[in-house]
Amino acid sequence: MAAPAPPLSHDAIVQHSWQRCRAFGLDHQSTPAFDQLPAAGITHLLDRHHSLVQTTHQEVLPYYENILSNSNCLIMLADNQGQVLTSWGTQRFIEPNLARGFQAGASWMERASGTNAIGTALACEQAVHIEHDEHFLKANRFMTGSAAPIFDAERKVIAVLDVSSDSYLPPSHTLGMVKMMSQTVENRLILNLFHGQHFQLTFNTGLNNLDSQWAGLLIFDESGQVLSANRRADNLLGVRLSRVSVESLFKVSLLELINQPDGLPFALQTSGRNRFQCLLKRPKQAPIQARVFTAEATKPPAPTTISLNSLHFGDSRVEKAVRQAERLLEKDIPLLIHGETGVGKEVFVKALHQASSRSKQAFIAVNCAAIPAELVESELFGYEKGAFTGANQKGSIGLIRKADKGTLFLDEIGDMPLPTQARLLRVLQERCVQPVGSSELFAVDLRIISATNRSLREQVQLGRFREDLYYRIGGLTLELPPLRERSDKEALFKRLWEQHREPTQWAGLSQEVLELFSRHPWPGNLRQVSSVMQVALAMAEEQPVRPEHLPDDFFVDLEMEPVESAQPLGLDLNDVEALNRELKAAGGNISHLARRLGVSRNTLYKRLRQIEG
């Protein structure tokens with residue numbers, strides 16, 4: 001599969017399109033040609049794309065019926081040559097002399113019709129929104145349109161979906177919606193291709209958006225080989241998923257993965273330390289007989305209660321943040337949590353929720369940086385019924401309404417798009433939510449707590465964050481220090497060991513490891529410690545956790561800068577005095593000394609332990 005080109009800005013898309021139109025010999029007064037197919041050609045065209053048309057009809061029609069039925073809009077499906085296959089909605093706004101361009105078989109490629117949503121989306125292979133005056137041909141400037149390509153499993157464009165109207169269409173709303181529709185069709189095409197014959201893994205950044213069409217989707221066989229994936233899966237995992245092993249993507253064995261119970265969410269961690277919530281669906285006739293789960297095993301585990309006092313072990317800055325937050329537990333004063341990535345902001349907010357009178361109600365966590373910008377509004381505020389999947393006529397109420405009576409945690413709020421900030425401000429002021437595409441208001445009663453790893457004050461000065469929203473969400477700002485600055489690190493390390501160990505693992509952390517942990521800068525903070533601890537416990541089994549059990553990348557941040565003139569040491573590992581002398585000269589850095597000796601770090605650790613013994 002070819003690597004995707006970096007996305008173009010809106011202005012660049014329009015500028016490049018106009019340049020292409022001039023190269024095709026068009027001018028602003030040119031008449032759209034549409035290159036209409038003859039009747040026989042149209043029949044052949046529709047026969048060739050019957051499955052695509054049928055799938056799109058099943059997935060798209062509910063969008064139109066429930067979102068666009070009150071709008072003067074037309075949805076069109078075209079193939080990868082820009083030829084119209086079918087359409088839904090009204091054609092009343094279409095200029096009579098251009099009506100043939102909206103019938104099956106008409107082509108909207110730029111060479112015939114100038115800059116337009118369908119042709120330009122195909123030309124740049126990304127979603128586009130074309131305003132009235134951005135059409136190259138004046139004849140087309142009676143309408144605006146948003147279009148998004150539909151890709152097959154090989155990431156080749158096979159079709160494009162378009163929403164057009166003669167009235168104003170908010171780009172953020174319409175572009176996000178047409179992207180969602182194209183993703184829905186792509187997902188359905190993948191599922192139809194395999195007919196439930198293989199394992200299906202759905203994953204996303206949180207439990208609350210697992211049912212979204214913008215979740216990652218993987219299809220893999222009984223050997224663990226990925227057979228197909230949607231583009232969202234590529235984006236979430238940061239790799240192209242063509243014929244890779246599912247075990248190379250997540251820190252889990254194939255046997256453990258396929259033995260996850262059907263329909264129950266579970267967490268998986270990637271090699272890059274990202275953590276996703278997942279659902280597994282087994283083949284209709286599974287090639288592998290997974291183990292049978294007892295009634296107790298299939299029950300979802302009871303949620304772990306996090307007490308506020310368990311968040312610190314003597315660090316004065318964390319203790320101060322806890323005490324301040326406790327005083328505001330039942331006050332209608334918004335909290336803003338500031339801290340580096342991985343310091344435990346979500347754990348802190350969960351503890352606040354569980355200590356409050358809202359603890360029996362929903363806790364909804366939203367990572368604003370993980371949701372595509374065009375879809376933040378639909379995820380937060382919801383859509384009118386039928387807007388999320390073709391099969392679901394009930395629609396989505398949105399994450400804000402899911403948090404009604406409970407707590408809504410907006411993580412990385414600094415990444416929220418400015419238009420969405422304006423709508424959120426209205427929710428905070430009026431305590432009402434208006435779903436996208438609806439005129440109805442829904443009252444909500446919820447506690448909103450926000451978090452960021454940025455300086456929002458700086459973002460306000462740069463014009464990237466609304467000042468009025470900043471003061472609305474930041475009634476009290478709490479600072480969580482990075483792990484390297486905490487005074488209770490050793491107690492924290494032991495607590496995380498206790499949290500991640502198996503019942504048979506009692507040996508604990510060796511003094512060497514505790515010293516290494518204390519020296520480490522921990523750029524990934526508590527999240528990194530948890531990852532390292534899990535690997536170390538797996539390697540140590542029932543032994544004490546020693547340096548040789550730690551993952552190699554743990555030592556990267558502890559490395560000393562190599563001296564340019566240093567030559568490899570021709571040292572005998574049995575020379576105890578010389579070995580200790582060189583270790584002292586290396587500042588106790590085992591990895592640095594092992595590299596100069598030309599031996600592995602584990603070999604050197606074992607030799608030093610033999611000497612001590």
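Numbering of residues begins at 1 and proceeds along the displayed sequence.
In plain terms, the two heavy atoms of V444 and C432 that are nearest each other are CG2-N, 4.2 Å. Nearest approach of A321 to L480, heavy atoms of both residues: CB-CD2, 4.1 Å. Among all heavy-atom pairs drawn from F276 and L236, the shortest one is CZ-O, 3.5 Å. Minimum heavy-atom separation, V246 to V226: N-CG2, 4.2 Å. Between H10 and H129, the shortest heavy-atom distance links the atoms CE1-O, 2.8 Å. Annotation for L175 and S146: closest pair N-OG, 3.8 Å, computed over non-hydrogen atoms.
With L77 as reference, I150 is the one residue of V185, I150, V160 to meet the side chain to side chain contact (heavy atoms under 4.5 Å, CB included) rule.
Ion pairing of R495 with E498 is absent here, as no side-chain N (NZ or NE/NH1/NH2) approaches a carboxylate O to less than 4.0 Å. Between R431 and D332, at least one side-chain nitrogen of the basic residue sits less than 4.0 Å from a carboxylate oxygen of the acidic one, meeting the salt-bridge criterion. We find that R466 and D468 are joined by a salt bridge, their nearest charged nitrogen and carboxylate oxygen being less than 4.0 Å apart.
Within the 3.5 Å criterion, the main-chain N or O of M416 finds a donor-acceptor partner in the side chain of Q421. Checking side-chain atoms of K402 against main-chain N and O of F363 turns up no donor-acceptor pair under 3.5 Å. Remark: side-chain polar atoms of H338 are paired, donor with acceptor, to backbone N or O of R454 under 3.5 angstrom. For the pair R423 (side chain) and Q434 (backbone), a donor-acceptor distance under 3.5 Å is present.
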- [ ] Let me see the working for I448 and F409 under side chain to side chain contact (heavy atoms under 4.5 Å, CB included), right down to the final yes or no.
- [x] CA-CA 6 Å; I448 295 182; F409 173 47; over 6 Å; no
Task: Working for side chain to side chain donor-acceptor pair (under 3.5 Å), residues N367 and D411 - done: CA-CA 5 Å; N367 187 326; D411 197 8; 4.6 Å; no
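Listed by first and then second residue, the salt bridge (charged side-chain N to carboxylate O under 4.0 Å, His left out) pairs that reach into residues 439-449 are R358-D445, sequence neighbours excluded.
In this structure, R282 is not positioned above the aromatic face of F199 in the sense of NZ or CZ being under 6.0 Å from the six-membered ring centre and within 45° of the axis. R401 forms a cation-pi arrangement with F442, by the criterion of a distance under 6.0 Å to the ring centre and an angle within 45° of the ring axis.
A heavy-atom distance below 4.5 Å is found between the side chains of L268 and L257.
Checking T452 against E412 by side-chain atom types alone, no donor-acceptor pair falls below 3.5 Å.
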